[in-house]
Amino acid sequence: MFLFKRKDTNRTLPKHIAIIMDGNGRWAKKRSMPRSAGHVAGAKTFKDIARYCNKIGLEYLTVYAFSTENWKRPKDEIESIMNLLRDYLKDAENFKSDNIRVKFIGNLEPLADDIKELIKKDEEGSKDATGLKLNIAINYGGRDEITNAVKKIVKSGVDAESITEQTISDNLYTSDMPDPDFIIRPSGEYRLSNYLIWQSAYAEYWFSDVLWPDFKPHHLEKAIDEYNHRNRRFGGV
């Protein structure tokens, strides 16, 4: 798994990478397997990539695990995803030895009570970790996040003329972390799908035809190499 070695160590590592973990269903379909099998394979890839990011010294990794739109999927598929989430949370002790801090972002209220309790336990148990800061987006939608931020600002009584971009950023789920520098989407799709739409204003993007369950550390390294060839001007020259 971690035998991949780089020849060039003179590269800039993004501070914050965000990944849209896409293609699980298509991966399973190509193998005449149920979609749930694709999610199982994707969950393993998630754990492997998170550990690899921690190993190379990445500061922040945010992954899109379940969107606000995913509730439209078949009931059995949703149950399969939620059970995988339960399994991950119960197994989260494994990340403790990796020194990874875990946080969940999104509207967690609609989740089952046992899942919310496990999330609370997982976040509390990893809060003192000093390695990778891993953010898992569950029941997350960019527009929903911004809508909730606006509601919070209005309820706080802030004067409209004093609202700035920073005011909005401070009320998002990601208020305690930098915006992503680099967004990766495997599976051959070329869209954000309502993911971190405020935070991604100046992010670099990298797309790949590789389905998420097949995504390996060498694909991540290829993406980071591409990132190092980008000229980030932020509107300047």
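Every heavy atom of this structure was used, including side-chain atoms; hydrogens, water molecules and symmetry mates were not.
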Kindly indicate whether the side chain of [X], heavy atoms from C-beta on, has any atom under 4.5 Å from the side chain of [Y].
{"X": "Thr68", "Y": "Asn107", "result": "no"}
{"X": "Ile115", "Y": "Arg86", "result": "yes"}
{"X": "Ser187", "Y": "Trp212", "result": "no"}
{"X": "Tyr140", "Y": "Asn70", "result": "no"}
{"X": "Met82", "Y": "Leu111", "result": "yes"}
{"X": "Leu61", "Y": "Lys133", "result": "no"}
{"X": "Leu220", "Y": "Cys53", "result": "yes"}
{"X": "Phe182", "Y": "Leu58", "result": "no"}

**OP:** Establish, yes or no, whether a centroid distance under 6.0 Å links the rings of Phe66 and Trp71.
**Re:**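 Ring centres of Trp71 and Phe66 closer than 6.0 Å.
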
Subject >> Aromatic contact, Tyr173 with Phe104 (centres under 6.0 Å) >> reply: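 Centroid separation for Tyr173 and Phe104: 6.0 Å or greater.
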
**OP:** Could you check Met177 against Gln199 for side chain to side chain contact (heavy atoms under 4.5 Å, CB included), going step by step and ending with a plain yes or no?
**Re:** CA-CA 10 Å; Met177 64 189 80; Gln199 299 90 332; over 6 Å; no

Check [X] against [Y] and note the closest heavy-atom contact, atom names and distance.
{"X": "Ala50", "Y": "Leu132", "value": "O-CD2, 3.4 Å"}
{"X": "Ala65", "Y": "Ile136", "value": "CB-CG2, 3.9 Å"}
{"X": "Ala223", "Y": "Ile184", "value": "CB-CD1, 3.9 Å"}
{"X": "Asn99", "Y": "Ala129", "value": "OD1-CA, 3.2 Å"}
{"X": "Thr174", "Y": "Glu145", "value": "N-OE2, 3.9 Å"}
{"X": "Ile100", "Y": "Arg51", "value": "CD1-CA, 4.5 Å"}

Do [X] and [Y] belong together in a cluster built from hydrophobic side chains that touch within less than 4.5 Å?
{"X": "Ile138", "Y": "Met21", "value": "yes"}
{"X": "Leu211", "Y": "Met33", "value": "yes"}
{"X": "Phe215", "Y": "Ile81", "value": "yes"}
{"X": "Trp198", "Y": "Tyr205", "value": "yes"}
{"X": "Val63", "Y": "Tyr60", "value": "no"}

Original post:
Just one of Arg31, Lys44, Lys30 clears the salt bridge (charged side-chain N to carboxylate O under 4.0 Å, His left out) bar with Asp214, so which one?
Top reply: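 Passing option: Arg31.
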
Original post:
Quick one: side chain to side chain contact (heavy atoms under 4.5 Å, CB included) partners of Lys29, sequence neighbours excluded?
Top reply: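 Scan of Lys29 (side chain to side chain contact (heavy atoms under 4.5 Å, CB included), adjacent residues dropped) gives none.
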
Original post:
Picking from Ile183, Asp179, Asp181, what satisfies side-chain contact (heavy atoms from CB on, under 4.5 Å) with Ser200?
Top reply: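 Only match with Ser200 under side-chain contact (heavy atoms from CB on, under 4.5 Å): Ile183.
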
Any side-chain donor paired with an acceptor under 3.5 Å for [X] and [Y]?
{"X": "Asn83", "Y": "Glu79", "result": "no"}
{"X": "His39", "Y": "Glu77", "result": "yes"}
{"X": "Ser193", "Y": "Arg185", "result": "yes"}

Original post:
His219: what forms a side chain to side chain donor-acceptor pair (under 3.5 Å) with it, not counting sequence neighbours?
Top reply: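 Partners of His219 under the side chain to side chain donor-acceptor pair (under 3.5 Å) test: none.
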
Subject >> side chain to side chain donor-acceptor pair (under 3.5 Å) partners of Glu226, counting only residues at least two apart >> reply: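 Here the qualifying residues are Arg230.
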
Subject >> Pair Lys103 + Glu123: basic N to acidic O under 4.0 Å >> reply: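 Salt bridge absent between Lys103 and Glu123.
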
Original post:
Is it true that Lys216 and Glu221 have a side-chain N and a carboxylate O under 4.0 angstrom from each other?
Top reply: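 Looking at Glu221 together with Lys216, the answer is no, because their closest N to O distance does not fall below 4.0 Å.
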
Subject >> Within 6.0 Å of NZ in Lys151, more than 12 heavy atoms from elsewhere >> reply: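 No, the 6.0 Å shell around NZ holds no more than 12 heavy atoms from other groups.
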
**OP:** Would you please test Leu118 and Asp122 for side chain to side chain contact (heavy atoms under 4.5 Å, CB included) and show each step?
**Re:** CA-CA 6 Å; Leu118 286 167; Asp122 192 12; over 6 Å; no

**OP:** Describe, in one word, how the ring planes of Tyr64 and Tyr195 are oriented to each other, choosing from parallel (under 30°), tilted (30 to 60°) and perpendicular (over 60°).
**Re:**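 Parallel.
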
Subject >> Derivation of the side chain to side chain contact (heavy atoms under 4.5 Å, CB included) call for Ile197 and Arg143 >> reply: CA-CA 7 Å; Ile197 53 179; Arg143 289 184 175 182; 3.7 Å; yes

**OP:** Kindly determine whether Lys127 and Glu124 satisfy salt bridge (charged side-chain N to carboxylate O under 4.0 Å, His left out), including the steps that lead there.
**Re:** CA-CA 5 Å; Lys127 67 178 182 179; Glu124 180 66 22; 2.8 Å; yes

**OP:** Decide salt bridge (charged side-chain N to carboxylate O under 4.0 Å, His left out) for Asp225 and Lys222; before the verdict, give the C-alpha distance in whole Å, the side-chain angles of both, and the deciding distance to 0.1 Å.
**Re:** CA-CA 5 Å; Asp225 283 343; Lys222 181 179 179 181; over 6 Å; no

